[in-house]
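Because only heavy atoms are used, hydrogens play no part in the values below, and waters and symmetry mates are left out as well, while side chains stay in. All chains are named by letter (A, B, ...) in the order of the sequence lines, taking the proteins before the strands, and each is independently numbered beginning at 1.
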Amino acid sequence: MDFQLNEDQEALRAGVRVWCEDRFRFEKLAEVVQQPLAREWWRELAELGVFALRAPESAGGVGLGMAEAAVAFVELGRRLVPGPLLWNLLAAELIPGAASGEVIVGGLDQPQPADRRRPSATPAQPTDAGAALIEYGDAIDVLLVLRDDGVQRIEAAGQLPGTLVAEPLDPLTPMLRVSELPEGTIIGDAALAARLRLEGTALTSALLLGIAESTLEYAVAYAKQREQFGRAIASFQAIKHFAADMYVRQELARAATLAAAVTIDDPAVGDVSRAVASARVVAGAAARENARKCIQIYGGMGFTWEMPPHYYLKRCMVLENTLGQSPSHCTTVAAHLAAPAS
Amino acid sequence: MDLRYSDADEQFRSEFRRWLEAAVPAHGAPPARDDWDGRRAWDTGWQRKLFDAGYAGVNWPREYGGRGATLTEELVYYEEYARAKAPYVGMNFVGIRHGGPTLIAEGSEAQKQTHLPRILRGEEVWCQGFSEPVAGSDLAALSTRAVRDGDHYRVSGHKIWTSFAQQADFCELLVRTDPDAPKHRGISWLIMPMNLPGISVRPIDTLRGESDFAEMFCEDVRVPCENLVGPENDGWRITNVTLRFERGSAWAQDIFELQEYLVDLSALVAQRAPQDASLQSVLGQLAAEADALWALVKWQLGETAKTGVPGLGGSALKLAFTELTQRVYEFGARLLGRAALSRDATDDPSGWRSSDTFLNTLSFTIAAGSSQVQRNLIAERILGMPREPR
Ligand SMILES: Cc1cc2nc3c(=O)[nH]c(=O)nc-3n(C[C@H](O)[C@H](O)[C@H](O)COP(=O)(O)OP(=O)(O)OC[C@H]3O[C@@H](n4cnc5c(N)ncnc54)[C@H](O)[C@@H]3O)c2cc1C
């Protein structure tokens, strides 16, 4: 057992971090908001190997594991890198061009409502109670739809029928409102859908962890330089204790997220679905709470558009609505308690 | 980055598990809580059995009777120990978890030879004489005086919250040896035999109605100078060594135990309220946090292995573990409904006496550095925020 980043993983992290700092320094975010998803940076991400990390070398991939993918995604989360990041990675071996970044893949999770799984329950509800909001729906080439019974591929070619949301919650995540999806083709079975959900959830946790880390850094840096009552607000214990709790949440989220990734790579060390669900619960809480405390610590500045904290909270809300909300992951963990793996 | 135990670890696991499977039931049920002689015999008797089987002092050096286990073997040990619901360290707490380890790190050869094997065999019970009425969180404000008189120190002062003072044979005692130095500089760490004349102990009832801790008065107690651990007036540094052990890796066992409790609670939920989705959700939330704590133990262990010293992360672990434990037992007590209004074992089918244990967990966030003190430490030492007055 050696549960720490190895040298190669450190190097990968450093490489992705340098690219993120260069491309997505906070000062540049304002420009990004104005732009549609740029194929150029998508290809740069692919060149860094981010999407091909897990594809085997024989298929032109990097041949690494979920652990490395998680390490890279934490960095992307820290810098709010936009785009339907996790879908290109998940699709690396399913959709030609995904690993190289030539094809932009989006995704939609459409689990069947619980009452439709049990035929005898209440009368069936319409599957689409409302329109779906699809991230980057206007920019993606291919849409993957995860259903309980399989994986569907829909050709989008940047022209999914729908209307662009005028005010997306996260200004860095444009949304397309789609009420009816075009026909697609089935490219995988229920088992594949379940696997992609699991892996996507692990990557989501990594992005959330990045938010938890970044918001702690911003909050502490701000608190050290902002003065009130003749001293830095970082000297007030209420602020220090917020920060300490943020640190604890970050540490728990990191340990759980990396443990889940390692467990996906090496299922002998634990129960994959429990590890992934636990990590997602803890990482979600860390990102959410840290982003909120960051806003509080910034005071009035925290309520401005100009300052970083709100972007993190909004991105966190996007991620916490990706592949299931926290309570559903809590239920998964509880189910494992009831039937522990031997 | 990997989480695999080695074959040797797994070998050790199956040996230890097999031993526990026989030894734990054979040790029988714990004595009544006010049967102090019985409790001492039970706690130290179990320690002796661990020693005889080669399982005492899992991370202590072999030369002093320990097992000298690797870091991962130590984890396996805690996992199996908790899984087998083996007896709590109890009265051996101070000796095993921080007194002994402090001697290993800072004691003289003679002190190690004298005490370590006896602690491991359950022949010496230790207590901790740190806190005083005016020196709690601000421990360095302590005023118990020790004045050199030939080859002895004459010790006078008033300690409080000394757990198991009545049963202990030795005390790790903090005294002020230089009253003129700044408060962190004039402290020394002494081994005080509890049978010396001039020591009197007055039990204090805890909120559970048991006299687990006590006040201790020292009036001109003559402690031999050879019982000084480390240099005179260097006691604050050594105190921090002791506290690091107290907040250290042994939490791992308690975290694993908490996970076992959660499994039993889930059976209770399934039995009492199988359809209640909100209970499932709370249970899952608590279990996810416990899983994360366990992962953090492994992460910090990796850090220790990489750098050679335990990092400052112990404070984060202590803070998160103690706060979570309170929430988990509170949830357990709530599940019991009105049965929680009884502290008797028979009224909790989970076997964990949830409401009584909940009361006990209230001390976790106070003792060994309160949650607030841990937050100060994290903010200051890890995040570099300005220091509190000290
Ligand atoms: C069950 C139990 C067993 C114990 N066993 C032992 C033992 O064997 N030996 C021993 O020496 N001691 C023992 N203690 C004592 C323990 O170490 C002290 O209780 C602890 O250090 C807190 O000190 P205090 O009780 O004086 O509280 P105080 O220091 O008076 O604290 C009171 C409150 O003020 C807060 N506070 C204090 N300082 C700060 C600060 N700087 N910033 C923010 N908040 C602050 C605390 O968090 C707490 O909430 C035991 C305590 C308990 C509960």
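For the atom pair R249(A) CZ and E289(B) CD, the distance stands at 10.0 Å (nearest 0.5 Å). With rounding to the nearest 0.5 angstrom, the CG atom of N6(A) is 9.0 Å from the NZ atom of K306(B). With rounding to the nearest 0.5 Å, the separation of CG in L3(B) from CG in D2(A) is 9.5 Å. M1(B) CE to E10(A) CD: the interatomic distance, rounded to the nearest 0.5 Å, is 9.5 Å. To the nearest 0.5 angstrom, H336(A) atom NE2 is 12.0 Å from S266(B) atom OG. Atom CZ of F3(A) sits about 15.0 Å away from atom CZ of R4(B), to the nearest 0.5 Å.
Of residues 204-217 of chain A, those residues with a non-hydrogen atom less than 4.5 Å from any non-hydrogen atom of chain B are, in numerical order, L216(A).
The shortest distance between side-chain heavy atoms of I378(B) and H241(A) does not fall below 4.5 Å. Residues K240(A) and E388(B) have side chains in contact (heavy-atom distance under 4.5 Å, counting atoms from C-beta outward).
Here the closest heavy-atom approach between residue V282(A) and residue A288(B) is recorded as CG2-O, 3.6 Å. When all heavy atoms of G384(B) and K224(A) are compared, the closest pair comes out as O-CE, 3.1 Å. Here the closest heavy-atom approach between residue A295(B) and residue A259(A) is recorded as CB-CB, 3.9 Å.
Contacts with chain B were tallied for L258(A), T263(A), D265(A), T331(A); L258(A) has the most, counting heavy-atom pairs under 4.5 Å. Chosen from D8(A), V269(A), T332(A), the residue pairing most often with chain B at heavy-atom distances under 4.5 Å is V269(A). Counting heavy-atom pairs closer than 4.5 Å to chain A, the top-ranked of the candidates P386(B), A270(B), A316(B), A379(B) is P386(B). Counting heavy-atom pairs closer than 4.5 Å to chain B, the top residue among L252(A), L5(A), V248(A) is L252(A). Put simply, of L319(B), N376(B), L283(B), the one with the most heavy-atom pairs under 4.5 Å next to chain A is N376(B). Of the listed residues (A256(A), C330(A), A244(A)), the greatest number of heavy-atom pairs within a distance under 4.5 Å of chain B belongs to C330(A).
Within a 6.0 Å radius of CD in Q225(A), more than 12 heavy atoms belonging to other residues, nucleotides or ligands are found. Atom CD of Q296(A) has 12 or fewer heavy atoms from other residues, nucleotides or ligands within 6.0 Å.
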If you apply the rule side-chain contact (heavy atoms from CB on, under 4.5 Å), what do you find for Y247(A) with I382(B), and how did you get there?
CA-CA 9 Å; Y247(A) 174 79; I382(B) 299 179; 3.6 Å; yes
Going through the checks in order, is the side-chain contact (heavy atoms from CB on, under 4.5 Å) test met by D2(B) and D266(A)?
CA-CA 8 Å; D2(B) 88 271; D266(A) 184 7; 5.6 Å; no
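Partner of M1(A) under the side-chain contact (heavy atoms from CB on, under 4.5 Å) criterion, chosen from D9(B), L75(B), L71(B): L75(B).
Heavy-atom distances place no part of Q374(B) under 4.5 Å from chain A, backbone and side chain included. The part of R254(A) that comes within reach of chain B is its side chain, from C-beta onward, which places non-hydrogen atoms under 4.5 angstrom from that chain. Residue E251(A) touches chain B through both its backbone and its side chain, counting heavy-atom pairs closer than 4.5 Å. For S281(B), the parts lying under 4.5 angstrom from a heavy atom of chain A are both the backbone and the side chain.
In this model, no donor atom of one side chain and acceptor atom of the other lie less than 3.5 Å apart for E303(B) and Q4(A).
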